[in-house]
Each structure stands twice: as structure tokens, then as C-alpha cells.
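For reference, the structure discussed in these notes is given below.
Counting from 1, the numbers follow the sequence of the chain as shown. These numbers come from a predicted model, not from an experiment.
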Amino acid sequence: MREINFDGLAGPSHNYAGLSFGNLAATSNAGAVSAPRAAALQGIAKMRRMLEVGLPQGLLLPHDRPAAAWLRELGFAGDDDAVLAAASAEDPILLGNVCSASSMWTANAATVSPAPDSGDGRCHLSVANLSTMLHRSIEHPQTARQLRLAFGAAAHFAVHDALPAALGDEGAANHMRLTTQHGARGIELFVYGERSAAGFPARQNRTASAAVARRHGLDPADVLLVQQSVAAIAAGAFHNDVVAVANETVLFAHEQAFEDPASVHAFIRARLPEAVIVEVPAARVSLEAAIKSYLFNSQLVTLPDATMALIVPSECQETPAVWAWLQDLIAGNGPIRRVEVLTLRESMRNGGGPACLRLRVVVDEAAHAAIDPRFLLDPAKCDLLAALVERHWPETIAPADLGNPALWQQCRTARAALLDTLGFAPGEV
């Protein structure tokens with residue numbers, strides 16, 4: 001079995017509206033001028049690099065933005081431009097929500113349990129409701145459509161609708177799996193939160209996490225519900241994947257990632273004796289440095305030669321304490337043998353690192369063959385995407401541009417060109 005990373009492509013409306021309370025990168029850059037074209041090209045370069053190192057790569061598409069249809073549900077009337085203009089005049093913040101390109105962070109699209117873990121031998125995907133933040137709460141219907149297209153083979157996959165909105169669920173960003181190898185039965189950790197001392201919301205509800213585990217038919221003995229550290233949330237770790245990541249036998253986490261790390265470590269060691277816990281001490285890398293650099297929002301991947309690599313954003317190289325610790329890591333004899341540095345500046349400035357941009361799906365050969373090929377990438381398709389982005393994506397978006405009908409039309413035209421290039425019919429996704 002192999003892991004496929006399905007990355008989100010930054011949409012043409014990528015902007016810095018600062019909508020995500022508790023995400024310090026997003027709120028600190030609110031009102032800045034964004035670069036949608038650069039954002040998409042940086043993401044494509046990341047996907048291309050994953051192919052180059054021998055990993056299969058998939059793509060999830062940007063959502064239809066601005067979301068004029070959603071504004072009609074709020075009582076705005078008329079054609080798309082009319083409802084957008086009315087919303088802009090009445091509430092510019094509302095316009096920012098419907099222009100958000102946040103679906104690019106596909107770690108929040110769903111929670112995924114591979115076939116070896118599930119009760120019925122299929123890969124299960126539960127679409128996240130993302131109900132804590134308005135701009136993200138409108139994503140799940142389009143996400144469900146895409147996932148049902150990509151993973152529509154019922155013999156191999158089960159795609160579940162989002163949970164009720166009162167149970168906040170933010171998907172794989174709060175989920176980790178450990179196993180001896182991707183194709184073996186594993187243990188799954190579901191990380192939930194409590195409101196922090198800083199007043200930041202806990203976006204993952206404990207009951208939601210338990211419900212996803214039940215839906216996926218997981219053995220309760222192989223499931224642990226873990227409370228995220230209140231201190232981590234207060235420092236800006238709005239999701240678990242900002243302070244911890246797992247891959248096969250390795251848990252890579254900050255010392256202050258969990259409220260009760262000893263119980264987490266004990267569970268892992270009891271259920272998976274082969275596990276290696278790489279814990280970064282706060283004395284070497286503070287929570288603030290970890291969150292600023294997104295050290296733990298890196299991708300931890302198994303390469304074709306069975307060694308592990310950490311795919312980090314360039315901000316890690318620019319944060320002295322983090323870079324020094326990484327040099328010590330790869331100089332040692334641990335399981336992580338390589339660090340790859342990628343530039344994802346546009347995504348990072350809006351609060352999303354390498355791990356935010358991808359949804360991990362583990363499949364065997366038959367399930368891989370059953371995935372809709374339009375969602376799978378190769379180098380030639382990366383070339384097509386890059387050329388399309390160069391032609392159609394806006395170069396920059398300033399805050400005032402969100403109310404410009406010319407931008408709305410450019411975003412529609414760009415997405416239509418993308419769908420046509422990849423072979424999707426209008427309205428299919």
C-alpha cells in the first residue's frame with residue numbers, strides 16, 4: 001500500500017482577509033496584498049517535487065469563489081454580480097468570507113482511515129464541517145462532491161457527509177496515524193481541544209472525533225482521544241498539525257503539543273512497540289518559534305528507499321533555533337534522515353504550511369487504480385497547471401479588490417479554464 005498526498009491548489013481569489021481567529025499568521029497579515037498566481041505556482045512546485053522524489057501525488061480543486069450562490073441563502077437577490085455587490089455594500093467582512101480561497105488547505109477537507117484500520121476493509125473519508133469559522137463552514141458541500149468523484153468506487157472507499165455543525169470537526173489536521181508500515185493495521189490518534197487562556201477557540205470537538213472513529217469502524221483499542229495542550233492553542237497552534245505530525249512508526253511532536261504527553265506516549269508504546277517518539281524540547285525550540293516556522297506543519301514522508309524525509313517550509317531555515325535543531329536531527333541516527341526545504345511563502349502568510357496543503361490517503365494497487373484519474377498528477381499535468389495559472393490567476397489582490405466585479409469575473413474564468421483543462425464538466429465539482 002502507498003500513501004498519496006492530495007494537495008489543494010490555491011484558488012484565484014487567494015487573499016489576506018485575516019478571517020481565522022487564533023491563526024496568528026493569518027490575522028497578522030490581514031489587509032496585506034496577496035499574490036494568488038505565486039501562491040498557486042508555489043503549490044504546484046511542491047507537488048512537482050513530491051513526484052520527483054518518487055511519491056504519488058494527487059490534486060483537489062479550488063472551490064467556486066466568490067461564493068455568490070451561498071449569499072442567496074442569506075437573502076441577497078439577483079445575478080452573481082448583484083448579490084456580491086449588495087454584500088460588499090452591506091458588510092465587507094461578509095464579502096471577504098465568500099472570496100476566501102481556504103479550501104486550498106486540504107488537511108481540513110476530511111479525516112481519512114485506511115482500509116487496514118476500518119471495520120469493513122475500505123478506506124473511509126469523513127468530510128469535515130469546519131463549522132468554527134464562517135468562511136470555512138461553507139466548504140463542506142463542495143468538498144463532499146469532489147471526494148465522491150475522486151473516491152467513488154464503493155468497493156474501495158466510503159465517503160461520509162459532514163457531522164452536525166454543533167460538533168466542530170476540522171479533519172485530518174487533528175488526526176494522526178501510526179503503524180509499522182502504511183499497509184499494516186495502525187493506531188489512530190484524534191486530537192481535540194479546549195478554549196485557551198487567550199480566548200482562542202478549540203476547533204476540534206471531542207465528540208466529533210469520537211464520532212468519526214465510530215463511523216470508520218475503528219477498533220476502540222486502537223483509538224486514542226488526545227487533548228491538545230491549552231498552552232499550544234494559546235500560542236497560536238489552532239490545529240494539532242501545527243505542533244505534531246506522525247508517519248508510520250514516527251511521532252514528531254513538540255514537548256508542549258499535548259495536555260498529557262505521558263499518557264499519549266504510553267498508549268503509543270503499548271500498542272506499537274516499534275514506535276519512535278521524536279519530541280522537540282521547549283528549551284531548544286519554543287512554541288513561538290515552532291509556530292512561526294511551522295516546523296511541525298511539515299510533511300513527514302516515507303521515500304521509496306524506506307527512509308523518511310521531512311518537507312519543511314523555508315521559514316524553518318530562517319528561524320535559527322529551528323534550523324539548528326534540524327541540523328542536529330539529521331546528523332543523528334534517528335529515523336528522519338533528510339530535510340527538504342520548499343518555498344510556500346504565500347500559503348504560510350495566510351497560516352498554512354506544507355502539511356496544511358495536503359490530505360493523506362493510503363491505498364493498495366486496486367484502490368489506486370479506482371481513483372478518478374483527473375485528480376492524479378504527473379509531471380506533464382503539473383506543466384499544464386503551471387501554464388494555466390500563469391495565464392489566468394491574478395498577480396495580486398489588495399483588500400479593495402475584493403469588491404471589484406472585474407476580479408469576480410477573472411476568478412470565474414480562471415476556475416472554468418482549470419476545470420476544462422482537467423476534463424471536468426461545468427458544475428461537476
Where do S113 and L218 land on the side-chain contact (heavy atoms from CB on, under 4.5 Å) test, with the steps shown first? CA-CA 8 Å; S113 294; L218 305 181; 3.8 Å; yes
Do E340 and R49 pass the salt bridge (Lys or Arg N to Asp or Glu O under 4.0 Å) test, and can you show the C-alpha distance, the side-chain angles, and the key distance before you say yes or no? CA-CA 10 Å; E340 287 258 348; R49 183 58 186 153; 2.8 Å; yes
Which residue in the set R136, R203, E139, H140 passes side chain to side chain donor-acceptor pair (under 3.5 Å) when paired with N108? R136
Taking A10's backbone N and O only, do any of them form a donor-acceptor pair with W393's side chain (distance below 3.5 Å, no angle check)? yes
Going by heavy atoms in the side chains, are H392 and R37 under 4.5 Å from each other? no
Donor-acceptor check, side chain of Q142 to backbone of D64, threshold 3.5 angstrom: yes or no? yes
Applying side-chain hydrogen bond (donor to acceptor under 3.5 Å, both in side chains), run through S209 and Q204 and close with a yes or a no. CA-CA 7 Å; S209 295; Q204 187 70 31; 3.2 Å; yes
For A253 and A244 the tightest heavy-atom approach is CB-CB, 3.8 Å
In this structure, CD of Q299 is separated from CE of M308 (nearest 0.5 Å) by 14.0 Å
Which heavy atom in L19 sits nearest to a heavy atom in M133, and how many Å separate them? O-SD, 3.9 Å
Which value, rounded to the nearest 0.5 Å, describes the distance between H14 atom NE2 and S347 atom OG? 7.5 Å
Under 30°, 30 to 60°, or over 60°: which ring-plane class applies to Y294 and F238, parallel, tilted or perpendicular? tilted
Verify, without hydrogens or angle tests, whether N350 (side chain) and Y16 (backbone) share a donor-acceptor contact under 3.5 angstrom. no
Expected output: side-chain S100 to main-chain H135 donor-acceptor under 3.5 Å: no
Gap between atom CG of D260 and atom OG of S263 - 0.5 Å precision: 3.0 Å
Under the side-chain contact (heavy atoms from CB on, under 4.5 Å) rule, collect the residues that match up with A309, sequence neighbours excluded. V301, L303, I311, R338
So R148 and D161, salt bridge (Lys or Arg N to Asp or Glu O under 4.0 Å) or not? Walk me through it. CA-CA 10 Å; R148 288 200 165 97; D161 284 330; 2.9 Å; yes
What pair of heavy atoms forms the shortest contact from G183 to P116, and how long is it? O-CG, 3.4 Å
Under 4.0 Å between a Lys/Arg side-chain N and an Asp/Glu carboxylate O for D7 and R48? no
With a 4.5 Å heavy-atom cut-off, do N297 and V245 have their side chains touching? no
Taking the side chain from T319 and the backbone from E315, do they hold a donor-acceptor pair closer than 3.5 Å? yes
Could you tell me if the side chain of W105 sits less than 4.5 Å from the side chain of L357, heavy atoms only? yes
Would you say V127 and L147 make side-chain contact, with heavy atoms under 4.5 Å? yes
Run the numbers on I371 and L376 for side-chain contact (heavy atoms from CB on, under 4.5 Å), then give the verdict. CA-CA 8 Å; I371 295 170; L376 297 174; 4.1 Å; yes
Determine, for Y192 and R206, whether the Lys NZ or Arg CZ falls below 6.0 Å from the six-membered ring centre while staying within 45 degrees of the axis. yes
Are the side chain of S34 and the backbone N or O of P36 linked by a donor-acceptor pair below 3.5 Å? no
Mind checking whether H124 and H216 have parallel, tilted or perpendicular rings, split at 30° and 60°? tilted
Are D364 and R2 close enough for a salt bridge, meaning some N to O gap below 4.0 Å? no
Between E318 and S293, is there a side-chain heavy-atom distance shorter than 4.5 Å? no
For L61 and L422, which heavy atoms make the closest approach, and how far apart are they? CD2-CD1, 3.5 Å
Determine whether more than 12 heavy atoms belonging to other residues, nucleotides or ligands lie under 6.0 Å from atom CD1 of I93. no
Verify salt bridge (Lys or Arg N to Asp or Glu O under 4.0 Å) between R284 and E255, making sure each step is shown before the conclusion. CA-CA 10 Å; R284 288 289 310 272; E255 180 184 13; over 6 Å; no
Is the number of heavy atoms from other residues, nucleotides or ligands within 6.0 Å of NZ (K381) greater than 12? yes
Rounded distance [0.5 Å steps], CD in Q57 versus CG in L51: 6.0 Å
V285 and A290: which non-hydrogen atoms are nearest, and at how many Å? CG1-N, 3.8 Å
Assess whether ring pair (Phe, Tyr, Trp, His ring centres under 6.0 Å) is satisfied between F252 and H254, documenting all intermediate values. CA-CA 7 Å; F252 178 52; H254 192 272; 9.9 Å; no
d(K46 NZ, L41 CG) to nearest 0.5 Å is 15.0 Å
CD/E188 to CZ/R271 distance, rounded to the nearest 0.5 angstrom? 12.5 Å
Of all heavy-atom pairs between G11 and A101, which one has the smallest distance, and what is that distance? N-CB, 4.1 Å
For the pair N247 and R177, evaluate side-chain hydrogen bond (donor to acceptor under 3.5 Å, both in side chains) and give the outcome as yes or no after the intermediate values. CA-CA 7 Å; N247 179 61; R177 178 178 188 255; over 6 Å; no
Please step through side-chain hydrogen bond (donor to acceptor under 3.5 Å, both in side chains) for the pair T302 and E248, ending with a clear verdict. CA-CA 8 Å; T302 302; E248 294 193 321; 2.9 Å; yes
Note, H156 side chain near C123 side chain (heavy atom, < 4.5 Å): no
Do the side chains of L251 and V278 get nearer than 4.5 Å, heavy atoms only? no
Measure the shortest side-chain to side-chain distance between Q228 and I233 over non-hydrogen atoms and say whether it is less than 4.5 angstrom. yes
Residues L272, T180; criterion side-chain contact (heavy atoms from CB on, under 4.5 Å); working and verdict: CA-CA 8 Å; L272 189 70; T180 54; 3.8 Å; yes
Determine yes or no for a side-chain-to-main-chain donor-acceptor pair under 3.5 angstrom, with N129 supplying the side chain and D169 the backbone. yes
